[in-house]
Structures are given as C-alpha cells and as structure tokens.
Amino acid sequence: MRSYRTLFRTPEFTPFLLSFAAHAAAQTIGGLALGTLVFRATGSPLLSAVSMFGPQLAQLLGATFLLSGADRLPPRAILSGLALAFAVGTAVLALPGLPVAAVFAVVMAQGLIASLGGGVRAGLLNEILPKDGYVLGRSVFNMLWGLMQVAGFATGGALLALLTPRTCLLLAAALYVLSALGTRLGLTARPPRSSGRPSVSATWRTNALLWSSRPRRLTYLGLWIPNGLVVGCDSLFVSYAPEAAGTLFACGALGMLVGDVTVGRLVPPALRPRLAVPLRLLLAAPYLFFVLQPGVALSAVATAVASVGYGASLVLQERLMSLTPDDLAGQALGLHFVGMSTLQGVGAALAGTVAQLTSPATAMTLLAAASVAVTLTLAALGRHEERQPAVPGTDPGVRLEPAVSDTPRRGARREGAQ
C-alpha cells in the first residue's frame with residue numbers, strides 16, 4: 001500500500017485516526033499545562049521534567065502485570081475505558097490545592113494504565129490494515145501525533161498566557177472524553193487476537209519469548225535508548241526557555257512530522273533499512289549545539305532538524321514486525337511502547353537531575369552525546385550479528401519460537417481486513 005487515498009478508504013481507519021487525534025491533543029495540552037503548573041509551584045527543573053515524562057516510568061510496572069491484555073482483551077472496550085480513565089485523572093489534577101505528592105501519585109497511576117494502551121492501539125492498527133499498509137498507516141499516526149503536538153503545544157502555550165494551567169487541564173480532560181466517544185462510536189467490536197486470560201505469568205512468558213531473539217533485542221534497544229535520551233533533552237525545554245517552551249516543543253513536532261512523511265511515503269521500502277542509523281544520529285547530533293546556549297530562534301531550528309530523526313522508529317518498527325509472529329504483534333508493539341516510554345521517563349529524570357546540578361544546556365549536551373554513543377555501539381553490534389552464519393533453512397527470531405497462547409496459533413487479522 002503506497003497511496004494515502006487507498007489508506008483512508010480502508011474501513012475504520014479514519015475514525016480510529018480521529019479518536020487518536022483527540023487523545024494526542026489532550027496529552028499534549030495537558031502535559032504542557034502540568035509541567036508549567038509544577039514548575040511554577042516548585043521552581044524545580046527536575047520536578048517539572050518528571051511531571052511531564054516521569055509517568056512513563058510507571059509503564060514498566062504495567063508491562064509486568066498488564067501487557068498480555070494487548071492481545072487478549074477486546075480492543076474497542078479497552079481503548080474507550082482507558083480514555084475515560086485519563087479524563088478522570090486529568091480532571092483530578094486540576095483540583096485547586098492538590099499537593100505535589102498527590103499530583104505525582106495521579107500521573108504515575110495514569111502511566112500504569114497507559115502501558116496497555118500503546119500495545120492495544122498498535123495491535124488494532126496492525127489488524128485494520130493489510131501487512132503492506134502498516135508502515136504507511138503508522139507514519140500517518142506519527143504525522144498526526146506531530147501535528148497534534150505542533151497545534152497542541154502552540155495552542156497550549158497561547159492558552160497558558162490567557163488561562164490558568166488548571167483550566168487547561170480541564171480542557172484536556174474534555175478531549176479525552178471526546179477520544180473515548182470516537183473509539184466507541186467509530187469502531188466495531190472485535191474479539192481479542194489471542195485466547196486466554198491476561199495474567200502476570202502470560203505477560204512474563206511472552207515478554208521473555210520476545211526478548212529471547214538477539215535480532216529483536218537489538219531492535220528494541222535501538223528503538224528505546226537513543227530516543228529516550230533525546231526526549232530527556234526535550235523535557236528540559238520548560239526550564240531552558242520557560243516563556244518559549246511551547247515554541248520549542250512545536251518546532252520539534254514539526255521536524256518529527258517531516259521525518260515521518262519522508263520515511264513513510266517518500267522513501268522506497270528497499271532503502272528504509274539503511275536509514276535506521278543515520279536517522280538516529282540525526283536525532284541527537286543537533287542537541288550537541290546547546291553547549292553554546294543558543295537563543296530561542298537557533299534552538300528552535302536545532303530542535304526541528306533533530307526531530308526529523310524520529311523517523312527511525314518507523315524503520316525499526318517495520319523490522320520488529322518482520323521478526324514477530326502475527327498473534328504476538330500487539331504485545332510485541334506494546335513492549336516496544338512501554339520500553340520506549342520507560343526510557344523516556346528515565347531520560348527525563350536523568351536530564352532533570354543533571355540540569356539541577358549543572359544547567360539545562362549542559363544536561364542536554366551530555367544526553368545528546370550519550371545518544372550518539374549508544375547508536376554507534378548498537379550499529380557495530382548489528383553488523384557483528386549480520387556476519388554470524390545462519391542455520392540453514394531458518395529465519396532467526398521469526399519462526400523458531402512457538403506462539404505463547406492457550407490455543408493453537410491463529411491469524412491476527414480477519415479475512416475482511418486483508
């Protein structure tokens with residue numbers, strides 16, 4: 001599938017996309033409002049960064065207990081319920097006089113339940129679209145996420161100049177409700193992709209199976225660590241330029257949009273695998289420029305250029321799907337999103353800590369250098385893996401492992417979705 005026209009003619013894709021748009025707008029506006037609220041209350045770059053990205057650390061716990069539900073629960077009901085839970089939590093954050101400790105308790109709870117949402121949503125996309133449409137469809141979701149960030153951070157910055165952060169949080173809660181309605185009314189009820197009940201043991205078994213393949217391990221690490229370190233840089237925008245943080249976030253989202261359009265629509269499939277390393281290097285390199293403490297204009301340009309490198313995630317997700325059985329797609333993608341979110345939370349906490357001890361500019365420079373080093377190390381390990389002799393008649397990481405399920409493996413998509 002190489003045409004946007006064909007993509008949008010696919011049944012249920014458009015309402016699914018629109019419900020995600022409302023969710024993304026809520027997350028963007030709510031995150032900026034919360035980070036601003038915490039920074040105004042505490043004056044701490046660390047607490048501000050952790051309030052925006054720290055909840056993603058809780059997704060690691062969710063991956064331990066909940067992730068098997070990505071393939072074993074009905075997707076429409078789960079996505080609708082999660083959106084309503086986010087709406088309630090965000091409304092609670094808007095309560096006047098809420099202590100900072102209570103704020104972090106609420107956002108950590110949101111991070112815990114969010115661990116299930118990424119896998120359910122990605123698995124459902126993999127079910128709605130045919131195999132050859134996944135990268136294009138995923139790129140559209142990423143582009144929409146970028147657009148919502150551009151619009152959300154720009155709008156959020158304007159709203160924060162006119163309204164209080166608590167009012168902006170209530171607006172975000174309303175958008176979460178809209179996302180729940182879009183999911184409930186726009187999608188059909190589907191059965192789970194795999195049978196059996198979600199459980200801690202099922203989650204652990206499948207995660208261990210996914211992690212047991214060295215090619216998948218390197219792919220996961222490439223998706224998680226360079227991205228997480230750069231998001232740590234992004235988490236310092238509020239403390240680096242308090243009055244222009246919305247502008248920097250919006251420019252970053254614009255760069256991400258350009259990267260997703262280029263990789264998802266313009267780059268030929270045969271060329272995409274070669275771009276994984278260059279794009280990850282591009283993601284980090286411009287942040288080395290922050291050692292000079294540039295002004296807002298130059299910082300915005302550097303952020304936009306760097307964010308083009310987020311297109312590497314499309315290349316690596318495509319590789320991950322090629323290494324994973326269909327009936328494990330939801331949990332495989334869920335593990336990716338949880339790992340990515342967790343490393344983003346770690347990156348934000350690390351960046352905030354270094355910034356607290358030095359300065360935001362120094363912290364951004366150090367994390368960018370670490371991201372470059374990790375990308376080069378993983379590239380060297382990947383080349384070593386490619387030189388290893390293959391066992392004749394096998395495809396490592398794809399077919400050797402049996403699917404973890406209570407019944408024999410069955411296809412992940414219905415016939416009508418092909």
How far does [atom1] of [X] sit from [atom2] of [Y], to the nearest 0.5 angstrom?
X: T324; Y: Q317; atom1: OG1; atom2: CD; result: 11.0 Å
X: L218; Y: L316; atom1: CG; atom2: CG; result: 10.5 Å
X: L34; Y: R166; atom1: CG; atom2: CZ; result: 10.5 Å
X: T219; Y: H336; atom1: OG1; atom2: NE2; result: 11.0 Å
X: L32; Y: L37; atom1: CG; atom2: CG; result: 11.0 Å
X: M256; Y: D260; atom1: CE; atom2: CG; result: 6.0 Å

Please report the closest heavy-atom contact between [X] and [Y], naming both atoms and the distance.
X: R190; Y: I128; result: NH2-CG1, 3.8 Å
X: L236; Y: A363; result: CD1-CB, 3.6 Å
X: A270; Y: P273; result: O-CD, 3.6 Å
X: G347; Y: L367; result: O-CD2, 3.6 Å
X: A332; Y: Y220; result: O-OH, 2.9 Å
X: L343; Y: W224; result: CB-O, 3.7 Å

Any [X] side-chain heavy atom under 4.5 Å of [Y] side chain:
X: L79; Y: L124; result: yes
X: L279; Y: V263; result: yes
X: M364; Y: Q293; result: no
X: R40; Y: T36; result: yes
X: F16; Y: L125; result: yes
X: V140; Y: F13; result: yes

Report yes or no: does [X] contribute a side-chain atom to a donor-acceptor pair with the main-chain N or O of [Y] at less than 3.5 Å?
X: R216; Y: W211; answer: no
X: R217; Y: S212; answer: yes
X: T10; Y: L7; answer: yes
X: T362; Y: T358; answer: no

Table please: side-chain donor-acceptor pairs of residues 368-378 below 3.5 Å, with sequence neighbours left out.
{"residue": "S371", "atom": "OG", "partner": "P226", "partner atom": "O", "Å": "3.2"}
{"residue": "T375", "atom": "OG1", "partner": "S371", "partner atom": "O", "Å": "3.1"}
{"residue": "T377", "atom": "OG1", "partner": "A373", "partner atom": "O", "Å": "2.9"}

Check residues 297-315 and write down every donor-acceptor pair under 3.5 Å in which the side-chain atom is one partner and the other belongs to a residue at least two apart or another chain.
{"residue": "S299", "atom": "OG", "partner": "P294", "partner atom": "O", "Å": "3.3"}
{"residue": "S299", "atom": "OG", "partner": "G295", "partner atom": "O", "Å": "2.7"}
{"residue": "T303", "atom": "OG1", "partner": "S299", "partner atom": "O", "Å": "2.8"}
{"residue": "S307", "atom": "OG", "partner": "G252", "partner atom": "O", "Å": "3.1"}
{"residue": "S307", "atom": "OG", "partner": "T303", "partner atom": "O", "Å": "2.9"}
{"residue": "Y310", "atom": "OH", "partner": "D234", "partner atom": "OD2", "Å": "3.1"}
{"residue": "S313", "atom": "OG", "partner": "Y310", "partner atom": "O", "Å": "3.0"}

R184 atom CZ: more than 12 heavy-atom contacts under 6.0 Å: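 Count not over threshold, so no.
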
Show me the side-chain donor-acceptor pairs of residues 174-183 shorter than 3.5 Å, one per line, residues at least two apart or across chains.
{"residue": "S179", "atom": "OG", "partner": "S19", "partner atom": "O", "Å": "2.9"}
{"residue": "T183", "atom": "OG1", "partner": "S19", "partner atom": "OG", "Å": "3.4"}
{"residue": "T183", "atom": "OG1", "partner": "S179", "partner atom": "O", "Å": "3.1"}

Could you tabulate the donor-acceptor pairs under 3.5 Å formed by side-chain atoms of residues 156-164, not counting sequence neighbours?
{"residue": "T164", "atom": "OG1", "partner": "T167", "partner atom": "N", "Å": "3.2"}
{"residue": "T164", "atom": "OG1", "partner": "T167", "partner atom": "OG1", "Å": "2.9"}

field: Listed partners of P74 passing side chain to side chain contact (heavy atoms under 4.5 Å, CB included), at least two apart
entry: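 A77, P192.
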
query: Going through the checks in order, is the side chain to side chain contact (heavy atoms under 4.5 Å, CB included) test met by R121 and H23?
result: CA-CA 12 Å; R121 186 174 290 109; H23 184 95; 4.1 Å; yes

task: Evaluate the ring planes of Y287 and F237, with Trp represented by its six-membered ring, and classify them as parallel (under 30°), tilted (30 to 60°) or perpendicular (over 60°).
output: parallel

- request: Return each pair, listed once, that meets side chain to side chain donor-acceptor pair (under 3.5 Å) where at least one residue sits in residues 76-94; pairs must be two or more places apart or across chains.
  value: T90-Q110

